[in-house]
There are 2 protein chains.
Amino acid sequence: MLEVFKKYINDKTSLPEEDLNEILSYAIIKKLRRRQFLLQEGDIWRYNAFICSGFVRTYSVDDKGTEHIMNFSPENYWTGDRESLTNETPSKFNIEALENTEVLLIKKQDFEMLCKKIPLFNNLINNILHKSFLTSQSRIHSSISQSSEDKYNNFVLKFPTIANRVPQHMIASYIGISPETLSRIRSQATKK
Amino acid sequence: MLEVFKKYINDKTSLPEEDLNEILSYAIIKKLRRRQFLLQEGDIWRYNAFICSGFVRTYSVDDKGTEHIMNFSPENYWTGDRESLTNETPSKFNIEALENTEVLLIKKQDFEMLCKKIPLFNNLINNILHKSFLTSQSRIHSSISQSSEDKYNNFVLKFPTIANRVPQHMIASYIGISPETLSRIRSQATKK
DNA sequence: TAAAAACGTTGACATTTGTCAAGAGTTTTT
DNA sequence: AAAAACTCTTGACAAATGTCAACGTTTTTA
């Protein structure tokens with residue numbers, strides 16, 4: 001369980017054993033069953049969260065009750081709500097386990113302290129932020145420039161494992177189209 | 001000219017004078033006239049760029065010749081193409097001055113060296129990345145959950161000065177709708 | 001194992017949006 | 001000052017997408 005996190009850190013950077021152990025000493029383990037929530041709209045998010053196993057989604061619900069998926073986070077990825085964490089404001093999002101999931105949590109203050117104390121860890125975290133930013137940019141570019149069909153193909157191309165792991169209507173939600181439209185796009189594509 | 005940058009840094013962090021001067025010693029000043037390019041598609045972007053005065057836009061051009069605006073960067077903001085800079089791959093984007101513009105450039109290697117050498121500067125830069133990420137997330141959420149009209153209102157609300165500074169069709173491009181649709185949305189809105 | 005919930009598909013129809021073309025007003029360039 | 005380029009609007013029409021409802025299938029839950 002902690003092994004997953006250790007392996008992740010060791011793959012990403014050469015952190016001394018003792019630093020890694022210090023980080024782990026602040027880790028809180030949380031197990032979620034399918035459909036359980038890690039965060040609910042209106043609550044303030046106060047952690048950094050690493051998915052050791054399983055799979056979660058981050059989504060909002062609008063006035064009409066429609067869900068909009070901001071993110072999928074499988075094992076070896078981080079999740080959370082940066083906005084709520086930073087500003088200490090109620091979150092607009094829900095984070096829900098799509099499968100039974102094990103999460104490693106580190107409290108905001110502990111996390112900040114660790115970043116200050118361990119520069120290599122700080123670098124690692126900033127690298128992740130950097131990658132997340134690039135991913136966001138790519139998604140924005142897709143959203144303003146591509147057709148629905150291209151958005152879907154692009155999604156499957158970039159996230160093949162996720163595409164195979166979630167129901168189709170969640171992909172539709174992620175790319176911002178209705179499930180019916182996605183269904184039609186797919187059936188038309190196979191005719192070709 | 002350099003004063004703008006100095007003021008920016010001093011407003012954001014309390015950096016010793018000598019550190020600031022070291023940073024400035026690597027600065028390259030570039031002046032752009034309206035419609036001149038800071039970066040052209042296909043070139044590799046090798047700098048970090050701070051806009052001291054003026055205004056630029058980052059956009060791509062698709063197969064049909066349609067432009068898609070990724071970003072507006074007025075004075076006191078950073079610009080560039082992080083993807084091209086990081087991976088040293090040809091950029092998909094153009095960065096063009098919308099007004100006569102003064103840019104402060106720092107070469108990638110110099111910039112990285114400065115970040116390593118001056119932790120406060122590193123923190124500042126990571127804070128900017130953090131804010132950029134939050135802005136991206138907000139734009140993504142808008143793009144998957146809002147109607148065109150709401151996207152427009154949201155844009156004007158969040159970036160009132162930019163909305164007043166650029167032609168309408170560029171706002172349309174930024175939010176991912178056609179200029180005609182935006183024109184109609186606006187005219188219908190005023191009827192209410 | 002029976003009931004309930006979730007999932008994907010399809011049809012019918014309404015709504016939104018894009019496309020193309022024209023024109024009037026404005027700004028920029030020469 | 002005239003010409004050119006740009007900007008926004010509008011109409012007519014086509015294309016894309018959303019909505020609602022129904023249905024069969026699969027998966028989950030009790």
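To find a chain, count down the sequence lines: A is the first, B the second, and so on, and within it residues start at 1. These numbers come from the heavy atoms of this one structure, side chains and all, not from hydrogens, waters or symmetry mates.
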Could you give me the CA-CA distance, side-chain angles and deciding distance for B:Leu98 and B:Met170, then say whether side-chain contact (heavy atoms from CB on, under 4.5 Å) is met?
CA-CA 11 Å; B:Leu98 295 176; B:Met170 290 194 188; 3.8 Å; yes
May I ask you to evaluate whether [X] reaches the phosphate of [N], defined as a side-chain N or O under 4.0 Å from OP1 or OP2?
{"X": "A:Thr181", "N": "D:dA16", "result": "no"}
{"X": "B:Ser148", "N": "C:dT16", "result": "no"}
{"X": "B:Arg184", "N": "C:dG18", "result": "no"}

Distance, rounded to the nearest Å, where [X] contributes [atom1] and [N] contributes [atom2]:
{"X": "A:Ile144", "N": "C:dT17", "atom1": "CD1", "atom2": "P", "result": "16 Å"}
{"X": "B:His68", "N": "C:dG18", "atom1": "NE2", "atom2": "P", "result": "11 Å"}
{"X": "B:Gln188", "N": "D:dT9", "atom1": "CD", "atom2": "P", "result": "12 Å"}
{"X": "A:Arg33", "N": "D:dA30", "atom1": "CZ", "atom2": "C1'", "result": "13 Å"}
{"X": "A:Leu182", "N": "C:dT10", "atom1": "CG", "atom2": "C1'", "result": "14 Å"}
{"X": "A:Lys64", "N": "C:dT15", "atom1": "NZ", "atom2": "P", "result": "12 Å"}
{"X": "A:Glu67", "N": "C:dA6", "atom1": "CD", "atom2": "P", "result": "10 Å"}
{"X": "A:Asp63", "N": "D:dT19", "atom1": "CG", "atom2": "P", "result": "13 Å"}

Side chain to side chain donor-acceptor pair (under 3.5 Å) for B:Gln137 and A:Ser136? Distances and angles first, verdict last.
CA-CA 7 Å; B:Gln137 290 297 102; A:Ser136 295; 3.0 Å; yes
N/O donor-acceptor pair, side chain B:Glu180 with base D:dC8, under 3.5 angstrom
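Not at all, since no donor on one side and acceptor on the other fall under 3.5 Å apart.
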Students often get this wrong, so: under 4.0 angstrom with heavy atoms, is A:Ser147 touching a base, only sugar-phosphate, or nothing?
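Nothing: the residue A:Ser147, judged by heavy atoms under 4.0 Å, touches no strand.
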Remember a base hit wins even if backbone is also touched, and classify B:Ile177 as base, sugar-phosphate or nothing at under 4.0 Å, heavy atoms.
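Contact class for B:Ile177: sugar-phosphate only.
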What closest approach, in Å, do [X] and [Y] show between heavy atoms, and which atom pair accounts for it?
{"X": "A:Tyr174", "Y": "A:Arg139", "result": "O-NH2, 3.0 Å"}
{"X": "B:Trp45", "Y": "B:Asp81", "result": "CD1-N, 3.2 Å"}
{"X": "B:Ile125", "Y": "B:Cys115", "result": "CG1-SG, 4.3 Å"}
{"X": "B:Arg82", "Y": "B:Thr86", "result": "O-OG1, 2.6 Å"}

Walk me through it: do B:Ser138 and B:Lys158 pass the test side-chain contact (heavy atoms from CB on, under 4.5 Å)?
CA-CA 10 Å; B:Ser138 162; B:Lys158 286 206 171 161; 2.3 Å; yes
Which ones in residues 150-173 of chain B lie close to DNA chain C, meaning a heavy atom under 4.0 Å from one of its atoms?
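Within residues 150-173 of chain B, no residue comes under 4.0 Å of DNA chain C.
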Output yes when B:Arg34 and B:Glu99 qualify as a salt bridge under the 4.0 Å nitrogen-oxygen rule, no when they do not.
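Looking at B:Glu99 together with B:Arg34, the answer is no, because their closest N to O distance does not fall below 4.0 Å.
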Below 4.0 angstrom, N of the basic side chain to O of the carboxylate: do A:Glu75 and A:Arg165 qualify?
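Yes.
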Among C:dT19, D:dT29, D:dT9, the nucleotide that comes nearest once only the side chain of B:Arg186 is considered:
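Among C:dT19, D:dT29, D:dT9, the one nearest the side chain of B:Arg186 is D:dT9.
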Counting side-chain heavy atoms from C-beta on, which of D:dG18, D:dT10, C:dT10 comes nearest to B:Ser183?
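Output: D:dT10.
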Want to settle it: does A:Arg34 or A:Ile185 sit nearer the 5' end of DNA chain D, counting the closest nucleotide to each?
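In this pair, the answer is A:Ile185.
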So A:Glu22 and A:Glu18, side-chain contact (heavy atoms from CB on, under 4.5 Å) or not? Walk me through it.
CA-CA 6 Å; A:Glu22 174 161 21; A:Glu18 51 186 281; over 6 Å; no
At 10 degrees resolution, what angle do the end axes of the helix from C:dT1-D:dA30 to C:dT30-D:dA1 form when each is taken over five base pairs?
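That helix gives 60° between its end axes.
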